[in-house]
Amino acid sequence: MNYNFNEIEAKWQKYWAENQTFKASNSSDKPKYYVLDMFPYPSGAGLHVGHPLGYIASDIYARYKRHKGFNVLHPQGYDSFGLPAEQYAIQTGQHPAITTKDNIARYREQLDKIGFSFDWSREVRTSNPEYYKWTQWIFIQLFESWYDLEADKSRPVSELQEIFAAEGNTRIKAACDDDVEDFSAEVWNKFSSEEKQRILLKYRLTYLAETEVNWCPQLGTVLANDEIVNGVSERGGYPVIRKKMTQWSMRISAFAERLLKGLEDIDWTESLKESQRNWIGKSVGAHVDFKIQGTDHKVGVFTTRPDTIFGVTFMTLAPEHELVKEITTDAQKEEVEAYIEATAKRSERERMADVKTISGAFTGAYAEHPFTKEPVPIWIGDYVLAGYGTGAVMAVPCGDQRDYDFAKHFEIPIKDIFENADISEEAHSGKEGTVIANSDFLNGLEYKEALQKAILKLEEIGAGYGKTNYRLRDAVFSRQRYWGEPFPVYYVNGLPQMIDLEHLPLHLPEVEKYLPTETGEPPLGNATDWAWDTAANKVVSNDKIDDETVFPLELNTMPGWAGSSWYLFRYMDAGNGDVFASEEALDYWENVDLYIGGSEHATGHLLYSRFWTKFLKDRGHLKVEEPFKKLINQGMILGTSAFVYRLEGENKFVSKSLIDGESVQPIHAPVAFVNSSDELDVEAFKNWRPEFKDAEFITEEGGAYVVGREVEKMSKSKYNVVNPDDICEDFGADTLRMYEMFLGPIDQAKPWNTAGITGVHSFLKKLWKLYIKNDQFEVSEEKASADSLKTLHKTIKKVTEDIENFSFNTSVSTFMICVNELNAQKCNSREVLELLAVLIAPYAPHIAEELWSKLGHSESISTASYPEFEEKFLVESTKNYPISFNGKMRFTMELPMDMSKDEIEKTVMADERTQKQLDRRTPKKVIVVPGKIVNIVG
RNA sequence: GCCUUGGUGGCGGAAUUGGUAGACGCGCUGGAUUCAAAAUCCAGUUUCUUCGGAAGUGUGGGUUCGAUUCCCACCCAAGGUACCA
């Protein structure tokens with residue numbers, strides 16, 4: 001009667017699949033509970049032991065909730081568009097769809113072996129046309145919407161047109177581009193259709209705009225920051241420059257305030273909310289316009305400190321600022337142009353991170369101070385970013401450290417506008433208690449008053465107004481890639497037109513090559529059939545383009561976050577062909593009750609999906625304001641890489657401890673070749689690659705070659721990947737599940753080390769043995785002992801609390817303690833063991849099912865209800881008091897629970913160990929906390 | 001640089017509201033069993049020690065009868081930093 005985990009696990013996995021045990025129904029008398037894992041990208045390397053960490057945690061919770069009587073939705077699917085499959089296609093020519101399909105098949109096989117309780121009938125893949133049809137549809141909804149700042153919600157563009165026709169655009173408050181001009185209803189009605197479209201584009205929630213990208217001329221493509229290493233492309237090492245490009249953007253900034261406020265009502269960790277708050281970056285201040293002398297231009301700046309406006313001694317513009325070229329004087333032209341070119345080579349991140357090097361150039365132009373009318377020199381500097389605020393700052397060196405450093409460096413005057421502030425060494429950036437001086441009408445005012453008054457005066461003279469600024473920028477939505485959702489967009493005279501829902505999905509076209517075209521167009525530019533026939537409503541050959549009825553289609557594709565911003569709703573009604581999800585399904589499931597995933601998504605995916613949810617709600621497609629009610633972060637599982645050390649220039653490897661000052665080159669060795677004592681299987685290593693076939697090994701005395709170890713991200717290229725399949729094969733899925741939980745707190749990163757897995761495995765063997773008597777499966781029907789009941793209920797209490805707190809590592813320890821105790825008590829009672837099987841079922845479902853069926857049940861253990869904790873089994877009559885001296889515990893004393901404070905003190909003081917510790921000293925004070933501790937001071 | 005998280009034995013980690021630091025597991029040491037090994041079981045395992053004790057939770061301060069826990073400053077590591085997912 002051994003614990004044959006391979007047999008048991010295969011049996012129950014088959015049972016669950018055949019009986020659709022975990023299929024969720026969209027209607028039930030039970031309360032609903034929706035548990036979701038962050039969308040996996042099916043990578044070519046397959047699943048490694050780090051991936052399932054969060055899935056195991058959510059599966060435990062989902063199974064726990066089922067025992068607790070909930071109708072649980074726990075689906076899974078794939079975020080299957082993405083760059084890696086495209087890179088692979090570029091290298092090998094294999095279509096990304098094929099790669100993706102294979103990868104998904106492998107993922108599924110691996111996931112199935114771990115025994116997850118997923119409802120696979122609801123699987124979705126973002127790269128399936130049936131799925132991306134709805135992603136395209138959402139894009140169209142965004143295009144057909146604008147944001148009404150007064151009503152604080154998105155509204156249809158048709159309504160905006162009605163407003164324009166009736167009253168022009170001067171009265172409405174809408175989120176729009178900065179450069180819209182005022183027009184009356186009369187003017188609007190006289191505009192041509194094209195002019196109207198151009199203006200409406202400035203209001204739409206998704207719009208075309210010029211944005212900066214990392215352009216690599218040699219590769220002819222745009223690169224992700226990720227693909228740039230030290231300023232050059234990762235592939236090939238070519239230079240990368242910043243370049244402007246017309247792209248689709250999402251007006252997420254319109255939602256900034258709601259995204260910020262919404263954080264108050266969701267159960268996410270404070271740190272995650274803080275990250276989003278910082279990302280949104282709300283700041284209250286003023287917009288100030290500075291006239292540029294000798295021109296009609298003005299430069300707008302945003303400042304949080306309008307109270308310091310009299311301290312302005314220069315202005316700094318981002319080198320990319322649109323006015324730079326126009327205002328630069330001939331004398332400064334050369335210097336400015338050289339500086340702009342140098343800046344274009346630096347990434348935004350570099351510019352933000354580098355605060356040590358101060359650089360800039362004088363444009364030769366002067367602005368006019370709005371109050372003093374004094375000339376203010378205009379500089380450019382790369383510490384000002386173009387996409388940030390207005391891309392220009394009014395520099396107040398006495399009150400801002402970066403301005404101060406810049407002024408010192410370029411010997412620009414620093415004007416002191418504070419009472420009693422020392423600005424000889426650094427800027428005075430404090431606000432509280434600061435009194436303004438040397439500032440005309442602001443003199444003698446304290447920060448807060450000065451701020452108000454400055455804004456008031458700016459408004460009076462028409463040079464500015466109070467403004468709230470957000471750091472959050474509109475999100476660029478175009479990608480110059482092949483493997484993404486095509487935009488349902490064609491162009492008539494350069495103006496974007498949407499394809500009707502009834503003709504969607506617009507399928508991704510076939511191309512010969514996945515690279516950009518020779519003329520630098522995105523990969524879809526290689527497609528020969530990529531034109532839209534508006535008469536036939538279908539995709540036709542490019543030669544048919546006549547700009548009469550056949551028009552060119554958009555060549556960009558959507559980014560990775562398009563499909564993942566709304567997938568949670570698709571699971572509610574995955575197969576629906578008429579709508580993205582039916583109203584009934586959406587009403588029933590509402591939103592995700594528990595979401596588990598990595599904190600690396602804090603400001604990307606988690607913000608975008610909140611944005612789309614709010615938008616879809618505004619337009620009446622959803623009833624919920626937030627997608628994820630509760631969110632738990634999962635930490636990364638790191639790999640423990642192994643290194644062998646090759647002597648420089650030789651094919652000779654030295655064991656780690658024998659390296660003695662020689663110059664060695666560390667090389668990653670596959671972790672599979674290394675045992676738990678860090679010894680390398682030299683033969684396996686030699687056979688691994690031809691270049692090592694004849695290598696020599698300088699070993700330790702016993703003949704072993706010892707490798708070096710280092711904790712790094714788990715990745716194929718580091719040869720430190722540990723595969724869950726192997727673990728399932730050798731120890732079983734239940735062991736893997738419990739071991740991953742046992743490793744440490746779910747939210748913390750931790751290194752994977754297989755060494756400890758035997759402990760968890762032998763725990764399961766011990767658990768199994770509790771149900772075995774005389775080598776037979778047998779449990780006693782007799783009453784359990786008081787000790788055993790106490791053990792059981794202690795465990796129920798702790799494990800339940802732990803699950804509710806997502807402290808899975810401690811509950812595994814608790815199970816171990818429980819089994820150790822029951823073992824010592826020789827407990828074999830059904831009364832205890834039956835409940836224990838249910839208790840452990842969420843963690844180790846296979847063994848629990850097997851035990852449950854052997855206990856005589858015919859239904860799956862997932863239908864059993866969760867054990868109830870009963871306090872009465874845990875009542876204690878005594879407490880083992882720690883007796884400490886000056887806070888240090890020296891010995892313990894067993895005393896009755898109901899003993900009074902005075903009695904405790906008397907008993908403790910009378911004890912000879914106390915007298916020995918005191919060594920004839922008289923204690924100054926004795927602190928007694930009944931039920932807790934005794935501390936003797938002195 | 002900025003934002004977020006973390007730092008406790010040889011290792012992963014535990015420690016309700018400030019109240020016995022090191023639970024549980026690995027590893028290691030010794031023993032039992034075995035022809036032997038695996039497996040299993042038992043005992044020990046923070047460090048130093050003059051064997052009385054003493055020190056100890058990244059570093060340095062502070063609050064407190066008492067700090068891994070609270071406060072201040074610093075050091076180190078990981079994640080994010082807007083086109084990796």
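By convention in this document, chain letters (A, B, ...) are assigned in the order of the sequence lines, proteins followed by strands, and residues within each chain are numbered from 1. Predicted model, so just to flag it, every value in this text is computed and none were measured.
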> Does A21(B) pair with anything, Watson-Crick or G-U wobble, both distances under 3.5 Å, and if so, with which nucleotide?
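Because no pair has both required distances under 3.5 Å, A21(B) counts as unpaired.
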> So does Glu86(A) pair up with Arg479(A), basic N to acidic O under 4.0 Å?
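Judged by the 4.0 Å cut-off on N to carboxylate O distance, Glu86(A) and Arg479(A) do not form a salt bridge.
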> Between U20(B) and Asn880(A), is there an OP1 or OP2 to side-chain N/O distance shorter than 4.0 Å?
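No.
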> Within the structure shown, what part of the strands sits under 4.0 Å from Arg471(A) by heavy-atom distance: base, sugar-phosphate, or nothing?
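Touches a base.
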> Measuring from atom CD of Glu740(A) to atom CD of Gln634(A), what distance do you get when rounded to the nearest 0.5 angstrom?
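Interatomic distance, Glu740(A) CD to Gln634(A) CD, rounded to 0.5 Å: 9.5 Å.
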> Quiz question: going by heavy-atom distance under 3.5 Å, is there a donor-acceptor pair between the base of C83(B) and the side chain of Glu227(A)?
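Answer no: no donor N or O sits under 3.5 Å from an acceptor.
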> Can you tell me, in whole Å, how much space there is between the P of C83(B) and that of G61(B)?
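Each nucleotide's P atom is 47 Å from the other's.
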> Of Gln748(A) and Lys798(A), whose nearest nucleotide on RNA chain B comes first from the 5' end?
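So the residue in question is Gln748(A).
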> Could you state the CG-C1' distance from Asp730(A) to A39(B), rounded to the nearest angstrom?
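Interatomic distance, CG of Asp730(A) to C1' of A39(B): 16 Å.
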> Report yes if a side-chain nitrogen or oxygen of Arg349(A) is closer than 4.0 Å to either non-bridging phosphate oxygen (OP1 or OP2) of A82(B); otherwise report no.
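Indeed, a polar side-chain atom of Arg349(A) lies that close.
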> Tell me which nucleotide among G19(B), C41(B), G79(B) gets nearest to the side chain of Lys766(A).
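For the Lys766(A) side chain, the nearest candidate turns out to be C41(B).
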> Does Asn633(A) place a side-chain N or O at less than 4.0 Å from the phosphate oxygens OP1/OP2 of U5(B)?
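Answer is no, no contact under 4.0 Å.
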> Which nucleotide, if any, forms a Watson-Crick or G-U wobble pair with A77(B), using both distances under 3.5 Å?
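By the stated definition (distances under 3.5 Å), U5(B) pairs with A77(B).
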> Considering only C83(B), C24(B), C65(B), which nucleotide approaches the side chain of Met816(A) most closely?
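Of C83(B), C24(B), C65(B), C24(B) is nearest to the side chain of Met816(A).
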> Specify the separation, in whole Å, of atom CG of Asn820(A) and atom P of C26(B).
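Roughly 10 Å, once rounded to whole Å.
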> Touch check for Pro745(A), heavy atoms < 4.0 angstrom, all strands: base, sugar-phosphate only, or nothing?
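If one applies the 4.0 Å heavy-atom cut-off, Pro745(A) turns out to touch the sugar-phosphate alone, with no base involved.
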> The side chain of Asn809(A) is closest to which nucleotide in this list: U40(B), G66(B), A14(B)?
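Taking heavy atoms from C-beta onward, the closest nucleotide is A14(B).
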> Provide the distance between the two P atoms, one in C74(B) and one in U68(B), to the nearest whole Å.
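It comes out at 23 Å once rounded to the nearest Å.
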> Would you mind pulling out the nucleotide paired to U64(B), Watson-Crick or G-U wobble, both distances under 3.5 Å?
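Pairing partner: none.
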> Provide the distance between the two P atoms, one in G30(B) and one in G7(B), to the nearest whole Å.
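These two P atoms come out 35 Å apart once rounded.
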> For the pair Lys797(A) and Glu801(A), find out whether any cationic side-chain nitrogen is under 4.0 Å from an anionic carboxylate oxygen.
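Looking at Glu801(A) together with Lys797(A), the answer is yes, because their closest N to O distance falls below 4.0 Å.
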> By the rule that syn is within 90° of 0, classify the base conformation of G52(B) as syn or anti.
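Syn for G52(B); the angle stays within 90° of 0.
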> Could you tell me whether Arg471(A) sits above the aromatic face of Trp279(A), with NZ or CZ closer than 6.0 angstrom to the six-membered ring centre and within 45 degrees of the axis?
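Checked: cation-pi criterion met.
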> Taking atom P in both U49(B) and G62(B), what distance in whole Å separates the two?
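Those two atoms are separated by 29 Å.
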> Answer yes or no: side-chain N or O of Gln247(A) and base N or O of C83(B) forming a donor-acceptor pair under 3.5 Å.
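Donor-acceptor pair under 3.5 Å: yes.
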> Just to confirm, is there a sub-4.0 Å distance from OP1 or OP2 of A54(B) to any side-chain nitrogen or oxygen of Arg890(A)?
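Answer is yes, contact under 4.0 Å.
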> Among G56(B), A39(B), C26(B), which is the nearest nucleotide to the side chain of Lys888(A)?
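The nucleotide sitting nearest to the side chain is G56(B).
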> Using the C1' atom in both, what is the distance from A14(B) to U69(B), to the nearest Å?
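Rounded to whole Å, the distance is 14 Å.
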> Which value, in whole Å, describes the distance between the C1' atoms of nucleotides U64(B) and G18(B)?
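So the two C1' atoms sit 9 Å from each other.
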> Using a 4.0 Å heavy-atom cut-off across all strands, classify Val934(A) as base, sugar-phosphate, or nothing.
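The answer is nothing, as Val934(A) stays clear of every strand by at least 4.0 Å.
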> Is the glycosidic angle of G62(B) within 90° of 0, making it syn, or outside that range, making it anti?
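Anti conformation here, the glycosidic angle of G62(B) being more than 90° from 0.
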> Using heavy-atom distances to pick each residue's nearest nucleotide on RNA chain B, tell me which of Ile936(A) and Ser275(A) is more 5'.
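This one resolves to Ser275(A).
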> Ignoring backbone atoms, test whether Arg479(A) places a side-chain nitrogen or oxygen under 4.0 Å from the OP1 or OP2 oxygen of C83(B).
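Indeed, a polar side-chain atom of Arg479(A) lies that close.
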> Mind checking whether His601(A) and His605(A) have parallel, tilted or perpendicular rings, split at 30° and 60°?
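His601(A) and His605(A): perpendicular rings.
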> Quantified in whole Å, what is the P atom distance between nucleotide G6(B) and nucleotide C71(B)?
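Pairwise P distance, G6(B) against C71(B), rounds to 13 Å.
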> Could you check how far CZ of Phe731(A) sits from C1' of A38(B), rounded to whole Å?
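Going from Phe731(A) (CZ) to A38(B) (C1'), I get 13 Å.
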> Under 4.0 Å, heavy atoms only, any strand: does Met352(A) hit a base, just the sugar-phosphate, or nothing?
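The answer is base, as Met352(A) lies within the cut-off (heavy atoms under 4.0 Å) of a base atom.
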> Check this for me, if you would: do Asp354(A) and Arg346(A) make a salt bridge, where the nitrogen-to-carboxylate-oxygen distance has to be below 4.0 angstrom?
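Arg346(A) and Asp354(A): salt-bridged.
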> How far does the C1' atom of A67(B) sit from the matching atom of U57(B), given to the nearest Å?
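The same atom, C1', in both gives a distance of 10 Å.
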> I'd like to know if Glu320(A) pairs up with Lys244(A) as an ion pair, taking the criterion as any Lys NZ or Arg NE/NH1/NH2 lying under 4.0 Å from an Asp or Glu carboxylate oxygen.
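Salt bridge between Glu320(A) and Lys244(A), a charged N being under 4.0 Å from a carboxylate O: no.
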